[in-house]
There are 4 protein chains.
Amino acid sequence: MEAKRKHSENGQRRQYDKSGRTRATILAAALREFSTHGLAGARVDRIAKSAKVNNHALYYHFGNKSALFRAVLENGYDAFRARQAPRDLKNTPPLEGMVEIVSDVFEFVRDTPEHMALVLDVNRNRGAHLTADASERVRAAASPLLRDIEFVLRRGKSLGLFAKHVNPEHLYLTIFAVCNFYFTNAYTVSAVVGRDLLQPGAIRTRKKHIVRFVLDALRP
Amino acid sequence: MEAKRKHSENGQRRQYDKSGRTRATILAAALREFSTHGLAGARVDRIAKSAKVNNHALYYHFGNKSALFRAVLENGYDAFRARQAPRDLKNTPPLEGMVEIVSDVFEFVRDTPEHMALVLDVNRNRGAHLTADASERVRAAASPLLRDIEFVLRRGKSLGLFAKHVNPEHLYLTIFAVCNFYFTNAYTVSAVVGRDLLQPGAIRTRKKHIVRFVLDALRP
Amino acid sequence: MEAKRKHSENGQRRQYDKSGRTRATILAAALREFSTHGLAGARVDRIAKSAKVNNHALYYHFGNKSALFRAVLENGYDAFRARQAPRDLKNTPPLEGMVEIVSDVFEFVRDTPEHMALVLDVNRNRGAHLTADASERVRAAASPLLRDIEFVLRRGKSLGLFAKHVNPEHLYLTIFAVCNFYFTNAYTVSAVVGRDLLQPGAIRTRKKHIVRFVLDALRP
Amino acid sequence: MEAKRKHSENGQRRQYDKSGRTRATILAAALREFSTHGLAGARVDRIAKSAKVNNHALYYHFGNKSALFRAVLENGYDAFRARQAPRDLKNTPPLEGMVEIVSDVFEFVRDTPEHMALVLDVNRNRGAHLTADASERVRAAASPLLRDIEFVLRRGKSLGLFAKHVNPEHLYLTIFAVCNFYFTNAYTVSAVVGRDLLQPGAIRTRKKHIVRFVLDALRP
DNA sequence: AATGAATGAGTTTTCATTCAT
DNA sequence: TATGAATGAAAACTCATTCAT
C-alpha cells in the first residue's frame, strides 16, 4: 500500500504530512464512491471532486483506478485487524468471551458498511480485483478472530457450556453472516418488513437478538 | 415501455410468442450480466450479444438499461414467489416444518445466486433502483415465507418445542442471513479458511450446519 | 405528389377515401413536426404517433422521410396558390388593390406559419431538399401574386398614385419580408420588446402598420 | 460548465490563452454547423472535426450540444452589440442618421447570416433553446439600436422630416424584416424571380431599395 | 505535486428504414 | 394496407488516463 512514500527524511516533514493527508483524503473519498457504486460503477472524477483534489492526484498517488480500489480494500482489512483489540480471553469466562466476540463483529460491520460493500464487490467479481497480496491481508485480518473463536469455543466446550458438535469455522461464518446481512441488505429487507432497519433502535434490538441467538444455539 | 402486450386474437399468436421469447432471452442474458457486473458495470452490448439480438431490441422492449435492470429484478422476485410451493404446514410437525423452511431458503439462495447479486446491488445503491412497483414485488415475494415462519413458530411454541422469546421477523432475517452470506461472500471467506466453499461437499455440509444451528437456537 | 393513387375506380371508393384521409392526416402531422424541428430534427416516429398511424404507413404512402418533407412542402405551395382568389383588379382602384394584396400576404403568412417555417428550412439548406419539380411549384405559386403586384403598380403609377421608381420585384420581396419576419422571429423579437407579439391585438396592430407603411412608401 | 475561467496569475497566462483559443475555435466551427443544420441537424463530430479538436473538448468546455448552441447564440448577440459603433447621432441630421441605421442593420444581417440562421432556429422551436440568460442578451444586444431609432425618429419628427404617426418599435421590426428576409429566403425567392439574389450586384441594389423604401415611407 | 486541458476508445441511446405476418 | 418487431448505422456523451505547464 504505502508504495511510494519517498520523503521520509526530516527536512521534508511538512510535505510528507501533506502528502499523507492527501492520500488519506483520497482513500476516504474513494471508499465512499467504491462502496456505493462498486469498482465498475465508480467514477474517478467523482472521487477527485469529493476529495477536493485534481484527478491527476489519484494517478500520482495510486497509479490507476483499480489500484486505488485495492488500496482502499487493503486499508479496510488493515483497519479490521487493527481494531481487534488484543482480547484477554484467558481471563474471561467463555460465555462472556463469546458475547464479546459477537458484539465486536456486529459493531465492526455496523461501523464499516462501506468496507463490507467493497468486499461484496470483490466477491461478485469472483476475486478479480484481488491480488495475492490482498488475499494475504484478508487472511491476516481474519485470523486473530478465527483463533479467538476457536479458543473460546474449546474452553466453553471443555467446561460443558457449549455443545460439542459446533465447528469453529462454521461458527465464524455464521456470526459474520447474521451481522453482515442485516446491513448489506437493509434496504430490501426494510421493504419486506415495512420499517427502516437502519434506525438506531432497530440496530440495537438486532444486536441483542443476534447475541442471544448465537448463545442459544451453542447450548449443549 | 415494457407494458404487458397481450394479443388475444388468434392471428397474432405466433408473433406474440416470438416477442415474448425475445423478451425472455434478453431477461436471461441481462440477469447474467447484471449479476456479475452490477448495473453500473454491465454492458448493454454484452447483453445483446449474449442474447443474440440487436442491441436496439433492449431499448424497444425495455426502454433503457436501468429499466431493464428493474425488469430483471422484478422477474427474480416473481420467480422467488412462484417457487414457494404451497406448503402443507398444518399437517407437518413444527420441527419438520422449520427444517423444510430453512432448507428451502438455503436452496433458493444456492440456486439463484444471480438474483441475490442483483439484490445486493440494489442495497449498495441504497435502494436507488427500487421503484414503488419493485418494492411491492419484494414484499409480495417475501410475504408467504414470512407467514410460514410465523405459523410454524407459533405452533412450535405452543407445543413447547420452540423458545417463547423468538421473534419471527428476526428469525426470517437470520435464516436468510446465514444462507445468503455463504454464497455472496464465498470468495473472500474461502481465502480466509483456505478451501473452496463452493465445492458441492462444502455446500452440503454448510446446509446441515445451518439447519442444526437454527434448530438448536430455537430450543426452549 | 399524388404519386401512388391507384384505386380510382368506383368499386374501391371507400378504400380510396380512407387512403386519402390517411395521407392527409400524415401530411398534417408531418407539417407540424417539420415546421418545429426542420427536416433534420423531425422524427418519423413522432409524426406517425401524432398522426395515429403505424410508422410504416409513412413509407408506404410517401417513400421516405425527405420525400415526405417534399410532399408537405409542395402541398403548402399548392395551398398558397389555391388561396389566391382570382382578384378582379381591373375594376379595383390601385390603392385599394394594393391594400388587398398586402392584406392577403399578411393573412397567408399569419395563417400558415408552419409552411413558412418549412420554406426557411429549405433556404437554410440552400435548397438541398428542393427538387426541380418543387422549384416549379414555388414559381407557380408565386407568379400570380407577382403579376398582380406588377399590374396594380403599373396602373397606380400611370394614375400618378405611386412613385415611378418602385420596382415590382423589390416590392414583392418587401411585402413578404415585413409580413413574414414578424411571425418567423416572433419569439426573439418578443424578448427584445418585452411583450408577446403573437397576441391577437398585437397582430392586428402590426397588420395596420404594415399596410400603411407600404402605402406611405409608394407615394409619389 | 462554460464558467468564465479567469486565471489572473501570470504563470497560467499561456494556458488560459490556449484554452480560450480552443473555445473560440469550437465556437466558430459550431456556428458554421448550427447555422447550416440547426440544433437538431448539427453533428457534434462534424463540429469537432472542423475545429480540429477531440470531440470530448466540446463537452469539456461547453457541457453538451445544446449548451454549446446557446453559447454560440449568446456569442452572436454579444458580437451584434459590440458591433454597434457608438454613433454620434446628436450631430447627424436625422435623414442621414436613419440612412446610417438602416445601412448598419443591412450590413450586419448580410455579414452574419450564420447568426441570423441560429436565431431562426430558436424561433422555430418557439424559444425552447432560449434561456433567461440568453433572453437578457437578446435585449441587451437590441437595446442600443432601438434607442437610436427612437432618438433619430423623435428628432426627425420634431424637425418635420418624418411622419408623426410612425412607431419606433414597428420601425425597428420593419427595418430588420426587410433586411433579414432577403438573406434568409434568398434561395426560394431566387427561384421565384429567376435570378440569384446573392450576387454582389443584387445585394447592393437591394440595399439601395431598402434605404429608399424606408425613407420614402417615413416622409410626412 | 498540482492544475487545466487533451486524448482516444468505449458506451448508451437514437433513428430511419425494412421485415414478416 | 396495417402492425409489431427487427436491423444496422450513427449519434451523443462518458471516462480512464495522459500531457504540458
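Just so we're clear, the structure is a prediction, and the values are computed from it rather than from any experiment. Chain letters run A, B, ... following the sequence lines, proteins first and then strands; every chain starts at 1.
What separates CZ of D/Phe62 from C1' of F/dA12 is a distance of 17 Å, to the nearest Å. To the nearest angstrom, C1' of F/dC15 lies 15 Å from CG of A/Leu68. Nucleotide F/dA5 holds its P atom 22 Å from the NZ atom of B/Lys52, rounded to whole Å. Atom CZ in D/Arg21 sits about 10 Å away from atom P in E/dA6, given to the nearest Å. Atom CG of B/Asn64 is separated from atom P of F/dC13 by 16 Å (rounded to the nearest Å). Between the CG atom of C/Leu58 and the C1' atom of E/dA16 there is a distance of 11 Å, rounded to whole Å. Atom pair D/Lys49:NZ and E/dA6:C1' shows a separation of 19 Å (rounding to whole Å applied). Per the geometry, OH belonging to B/Tyr59 stands 15 Å off C1' belonging to F/dA9, to the nearest Å.
Note on D/Thr22: a side-chain N or O is less than 4.0 Å away from OP1 or OP2 of E/dA6. Look at B/Arg43 and you'll find a side-chain N or O under 4.0 angstrom from OP1 or OP2 of E/dT12.
Nearest-nucleotide positions on DNA chain F for D/Asn54 and B/Val53 put B/Val53 closer to the 5' end. Taking for each of D/Ser66 and A/Asn55 the nucleotide of DNA chain F with the nearest heavy atom, the 5'-most of the two is the partner of D/Ser66.
When distances are taken from the side chain of A/Tyr60 to each of E/dA1, E/dA6, E/dT17, the shortest belongs to E/dA1. Minimum atom distance to the side chain of C/Val44 is reached by E/dA16, of the listed F/dT17, E/dA16, E/dG8. Proximity note for D/Lys65 (side chain, C-beta onward) versus E/dT12, F/dA12, F/dA16: the nearest is F/dA12.
Across all strands shown, F/dA10 forms a Watson-Crick or G-U wobble pair, both distances under 3.5 Å, with E/dT13. Within the shown strands, F/dA2 is the pairing partner of E/dT21 under the Watson-Crick or G-U definition, both distances less than 3.5 Å.
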(message) Is there a side-chain contact (heavy atoms from CB on, under 4.5 Å) between C/Asp121 and C/Phe69? Walk through the geometry before answering.
(response) CA-CA 10 Å; C/Asp121 203 54; C/Phe69 182 90; 4.0 Å; yes

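A salt bridge links C/Asp133 to C/Arg137: at least one charged side-chain nitrogen sits closer than 4.0 Å to a carboxylate oxygen.
The aromatic rings of D/His56 and D/Tyr60 are tilted relative to each other, their planes meeting at an angle between 30° and 60°.
A donor-acceptor contact under 3.5 Å is not formed by the side chain of B/Asp45 with the base of E/dG10. Between the side chain of D/His56 and the base of F/dC13, no donor-acceptor pair of N or O atoms lies under 3.5 Å.
Inter-residue side-chain proximity for D/Phe62 and D/Arg23 is flagged as met; some heavy-atom pair is nearer than 4.5 Å.
Only one option out of A/Val72, A/Asn123, A/Asn75 pairs with A/Leu118 in a side-chain contact (heavy atoms from CB on, under 4.5 Å); it is A/Val72.
As judged by a 4.0 angstrom heavy-atom cut-off over every strand, B/Ala42 is placed among residues touching the sugar-phosphate backbone only.
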